[in-house]
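Contents: one structure, followed by commentary.
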Amino acid sequence: MSQAVLELSAAQAAAQIRGGELAAEELFRVYRDRAAAEELGAFLWVAEEVPDAPADGPLQGVPVAVKDLFCVGDVPSAAGSRILEGYRPPYTATAVERLLLAGATVLGKTNMDEFAMGSSNENSGFGPVRNPWDETKVPGGSSGGSAAAVAAGLAPWAIGTDTGGSIRQPASLCGIVGMKPTYGAVSRYGMIAFASSLDQAGPLTRDVTDCALLLSHMVGADPCDCTSTGLPEDIRLPVAERLDGLRFGVPPELTGAGVDPGVKVVFDATVERIEQLGGSVEPVALPHAGHAIAAYYVIAPAEASANLARYDGVRFGPRAGHTDLLSLYEETREEGFGTEVKRRIMLGTYALSSGYYEAYYGRAQRVRTKIADDFRAAFERVDLIVTPTSPTVAFGLGERTEDPLAMYLSDALTVPMPLAGLPAISIPTGMSDGLPVGFQIAGPAFSENRILEAAHAIERAVGFDGAPPRG
Ligand code: GLN
């Protein structure tokens, strides 16, 4: 019975519950037991009880795994950081609240890089996550726990956040689907902040249909987040099987140097598939995309240094240094924050300091505008832009931890889109070295339905069917 349940996509499980063929409690129990027993390090907290009465809605009691940085009322929510250990927020993030209203239940909180800073999940204050395809490899980050949980069949689906790639890159490394929506589509209220002008929540799922279904219940303007806009049209479940009339752009800046040969082979094969499906493909220039990493690693740390100032041992989490106020601040932050978080606070504080502000932060913001302008010009010629999601497949645990720059380059292909506020999806389209390879499709702001339709057609044609063994 439980094996059959595991094979259902989340959309199929919801339909079976609606049709009376499957009990929501049964579904919850199967996943809860798996999540509680898992050994990948994907979960930081798992619900003990079967929720008694999920709301009556289209998600019909299907459980969702939630990245640890979403506040969930009275549930541990620490954003992967020791400085928030034991924090149980008194309220629930809007994105999660909307899912609950649609009938979903919270299965557990997933492991992540501390405050979403990382590309491998090795920066978690609570230990790394292992990739279910090969446990000596990383799952990607920062939503590594969510991605590993979905790939390993520990959760039907999950939500994460993406600031510079943290949904798409782990989805790619774990062979699942992950989507970062247009900035503002989903409320950030109740998401523990990293870089507020970039952070967006989105789904991590087994297939594109589940991605559309989950996203459709997350989006919407929210009076609690004045940067939220929702979407101009509802998210539809995608049906496309062809790509006739759609123009795809391939930017040489994001498909050439630095991309592993094995990843390139899969990318090129997928582009060929697009042409077979009736789509047209042409090169399109993104001249400033090569500067995205440099701009991002000024802007994101600058915003983080401001957002993280609130963790001082007074309001949240554990406290150290009791002799005087300054030692309380210093020792709490010294003990509570990990190395990468401290590095970002230093970088960001420096970039914002008077005298350096113009040279670093001001300049990075101008580069950001140029990147957004490049995309705007490109989308006058093409409907969608495609790239590999990650320059490499999953890398070894420990392989990049000593070299922050090598780690930062993991995001070279995903960072330009959030800098421009644009939506993008990653879908698995092949394997290299026995590990999954993700294909990224980006579109103009608010083009989620177009991206999902194209992703659906490509998913159908590629027929990627390589879930790792589900023990
Ligand atoms: N890996 C990138 C970083 O470390 C992106 C993280 C994210 O999207 N949250 O900042």
Side-chain angles (χ1 to χ4, degrees), residues 67-70 79-81 110-125 128-129 138-147 158-174 178-181 183 186 188 191-204 292-305 307-308 337-348 351 364 368 389-392 394-395 399-401 403-426 438 440 442:
K67 188 178 184 178
D68 195 36
L69 66 57
F70 290 91
S81 182
T110 55
N111 202 348
M112 57 180 284
D113 285 302
E114 184 175 7
F115 289 109
M117 298 175 189
S119 311
S120 68
N121 218 111
E122 290 161 298
N123 295 337
S124 167
V129 180
V138 303
S142 64
S143 311
S146 287
I159 61 172
T161 57
D162 191 309
T163 305
S166 280
I167 290 175
R168 292 160 290 154
Q169 187 257 13
S172 175
L173 270 43
C174 288
M179 186 169 200
K180 183 205 97 72
Y183 183 79
V186 180
R188 288 182 298 107
M191 268 165 55
I192 296 171
F194 165 13
S196 306
S197 76
L198 295 156
D199 298 344
Q200 257 301 281
L204 293 108
I293 285 283
Y296 173 87
Y297 278 99
V298 173
I299 294 168
E303 295 185 17
S305 72
N307 276 327
L308 270 52
F337 286 140
T339 310
E340 182 60 22
V341 172
K342 288 179 191 155
R343 182 170 16 246
R344 305 262 180 128
I345 293 173
M346 297 288 284
L347 274 172
R368 181 178 194 175
T389 308
S390 161
T392 67
F395 43 94
E399 203 178 301
R400 297 189 190 169
T401 40
D403 184 354
L405 280 183
M407 190 69 92
Y408 295 175
L409 286 172
S410 317
D411 311 311
L413 314 179
T414 49
V415 155
M417 296 77 187
L419 283 174
L422 303 179
I425 198 169
S426 177
Q440 178 171 233

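Read the numbers this way: they start at 1 and go in the same order the structure lists the ligands and their atoms. Along the sequence shown, the residues carry numbers beginning at 1.
At a threshold of 4.5 Å between non-hydrogen side-chain atoms, the residues Phe395 and Met407 count as touching.
For atom 2 (C) of ligand 1, the closest non-hydrogen atom of the protein is Asp411 OD2, 3.1 Å. When hydrogens are left out, the protein atom nearest atom 7 (C) of ligand 1 is Ser166 OG, 2.4 Å; that is the closest non-hydrogen contact.
Closest approach of Pro181 to Gly202, counting heavy atoms only: CD-CA, 4.1 Å.
For atom 5 (C) of ligand 1, the nearest non-hydrogen atom from the set Phe194, Tyr297, Tyr296 belongs to Tyr296. With Gln169, Glu340, Arg344, Met407 as candidates, the residue nearest to atom 4 (O) of ligand 1 on a non-hydrogen basis is Arg344.
Remark: ligand 1 and Gly141 share no N or O pair separated by less than 3.5 Å (distance only, no angle test). For ligand 1, the polar-atom distance check finds no N/O of Met117 at less than 3.5 Å from any of the ligand's N/O atoms. Of the polar atoms of Ser119, at least one N or O is found under 3.5 Å from an N or O of ligand 1, judged by distance alone.
Near Ala116, with a cut-off below 4.0 Å to any heavy atom, the atoms of ligand 1 are 6 (C), 7 (C), 9 (N). Heavy-atom proximity to Gly118, at under 4.0 Å, picks out these atoms of ligand 1: 1 (N), 2 (C), 3 (C), 4 (O), 6 (C).
Judged by distance alone, the side chains of Ser197 and Glu303 do bring a donor and an acceptor atom under 3.5 Å apart. Counting only N and O atoms by type, the side chains of Asn111 and Ser124 include a donor and acceptor under 3.5 Å apart. In this structure, a donor-acceptor pair under 3.5 Å is absent between the side chains of Tyr408 and Asp403. Lys67 and Ser146 share no side-chain donor-acceptor pair at under 3.5 Å. Defined by atom type and a distance below 3.5 Å, a donor-acceptor pair is missing between the side-chain atoms of Arg344 and Thr339.
Screening Asp411, Val138, Thr414 against Ser119 for a side-chain contact (heavy atoms from CB on, under 4.5 Å) leaves a single residue, Asp411.
In this structure, Ala300 has no heavy atom closer than 4.0 Å to ligand 1.
Only side-chain heavy atoms of Ser142 come within less than 4.0 Å of ligand 1; its backbone N, CA, C and O stay farther off. Counting heavy atoms closer than 4.0 Å to ligand 1, residue Thr163 contributes atoms from both its backbone and its side chain.
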